[in-house]
Amino acid sequence: MDQLVIFLPIFVVLGAFMFFASRRQKRAMQATIDLHESLRIGDRVHTTSGLEGTITGIADDTVDLEIAPGVVTTWMTLAIRDRIEPDAAPEAVELSDSDAEPSTRD
C-alpha cells in the first residue's frame with residue numbers, strides 16, 4: 001500500500017502530460033483538416049517537401065499545382081502544408097545608387 005502512495009504523484013503527472021499532449025495533437029490535426037477543406041483554385045501553397053505552387057485544380061484527394069508557368073504537377077491533398085498569404089510575400093530590396101555601381105580601387 002505504501003508503494004502505491006509513493007508512485008501516485010508520478011502517475012498523476014504522467015496522466016496529465018498524456019492528456020495535454022493528446023489535446024494539442026487533436027488541435028493540430030483539426031487545423032490541418034480545416035486547411036485542406038478550405039483550399040481553393042488560385043491559392044498559393046507550400047507542400048510538405050518545401051515546394052511552392054498555385055492550385056490550378058482540385059479533385060477528391062489530389063490537387064494540381066502550377067510550380068512554374070506551364071508546369072502543372074499533381075499532388076495528394078495531404079502533401080499541402082500551409083497556404084501562402086498574399087501579404088506574406090518577401091519585399092524587394094532596393095539598391096541605392098552607390099550600391100549599384102561597382103567600386104574601383106587604384
Side-chain angles (χ1 to χ4, degrees):
M1 186 71 174
D2 290 334
Q3 290 180 348
L4 289 177
V5 173
I6 293 172
F7 289 112
L8 185 62
I10 294 173
F11 290 137
V12 169
V13 169
L14 287 175
F17 174 76
M18 291 176 60
F19 174 74
F20 288 115
S22 68
R23 286 188 59 207
R24 188 178 76 205
Q25 183 180 9
K26 285 179 185 178
R27 273 188 269 138
M29 182 61 75
Q30 188 60 45
T32 302
I33 290 169
D34 292 343
L35 169 70
H36 292 162
E37 290 176 349
S38 70
L39 292 176
R40 301 288 175 250
I41 293 175
D43 286 349
R44 298 251 330 136
V45 294
H46 282 126
T47 64
T48 54
S49 61
L51 185 76
E52 291 184 15
T54 303
I55 297 176
T56 59
I58 300 174
D60 290 335
D61 57 350
T62 61
V63 289
D64 295 329
L65 296 180
E66 183 175 27
I67 56 176
V71 180
V72 178
T73 58
T74 301
W75 292 74
M76 291 179 60
T77 305
L78 295 175
I80 303 300
R81 183 181 67 202
D82 59 5
R83 180 182 292 119
I84 301 171
E85 298 300 328
D87 44 315
E91 297 180 13
V93 177
E94 295 183 23
L95 297 176
S96 65
D97 291 337
S98 62
D99 293 336
E101 297 176 12
S103 61
T104 57
R105 292 190 178 185
D106 292 325

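Values below: every heavy atom of this structure, side chains too, minus hydrogens, waters and symmetry copies. Residue indices begin at 1 and follow the sequence shown.
- Leu78 and Ile55 are members of different hydrophobic clusters when ILVMFWY side chains are connected at heavy-atom separations under 4.5 Å.
- Put simply, the side chain of His36 reaches to within 4.5 Å of the side chain of Ile80, judged on heavy atoms.
- In the hydrophobic clustering, Ile33 connects to Met29, either directly or through intervening members, whenever side-chain heavy atoms lie under 4.5 Å apart.
- Partners of Ser22 under the side-chain contact (heavy atoms from CB on, under 4.5 Å) rule, at least two apart in sequence or in another chain, do not exist in this structure.
- Leu14 forms part of a hydrophobic cluster together with Phe7, Ile10, Phe11, judged by ILVMFWY side-chain heavy-atom separations under 4.5 Å.
- Residues Leu39 and Val45 are in side-chain contact: their nearest non-hydrogen atoms beyond the backbone lie under 4.5 Å apart.
- Applying the salt bridge (Lys or Arg N to Asp or Glu O under 4.0 Å) test to every pair with at least one member in residues 14-29, sequence neighbours left out, gives no pairs at all.
- For Asp64, the side-chain contact (heavy atoms from CB on, under 4.5 Å) partners are Thr56, Val72, Thr74, not counting sequence neighbours.
- Taking the side chain to side chain donor-acceptor pair (under 3.5 Å) definition, one finds that Asp34 meets it with Gln30, sequence neighbours left out.
- Partners of Val71 by side-chain contact (heavy atoms from CB on, under 4.5 Å), not counting sequence neighbours, listed by chain and number: Ile67, Ala68.
- Applying the salt bridge (Lys or Arg N to Asp or Glu O under 4.0 Å) test to residues at least two apart or on different chains, the pairs with a partner in residues 38-54 are Asp43-Arg83, Arg44-Glu52.
- Rounding to the nearest 0.5 angstrom, the gap separating the CZ atom in Arg81 from the OG1 atom in Thr32 is 11.5 Å.
- Hydrophobic clustering (side-chain heavy atoms under 4.5 Å, transitive across Ile, Leu, Val, Met, Phe, Trp, Tyr) keeps Met76 apart from Ile41.
- Annotation for Thr77 and Asp60: closest pair OG1-O, 4.5 Å, computed over non-hydrogen atoms.
- Residues forming a side-chain contact (heavy atoms from CB on, under 4.5 Å) with Ala79 (at least two apart in sequence, or on another chain): Thr48, Trp75.
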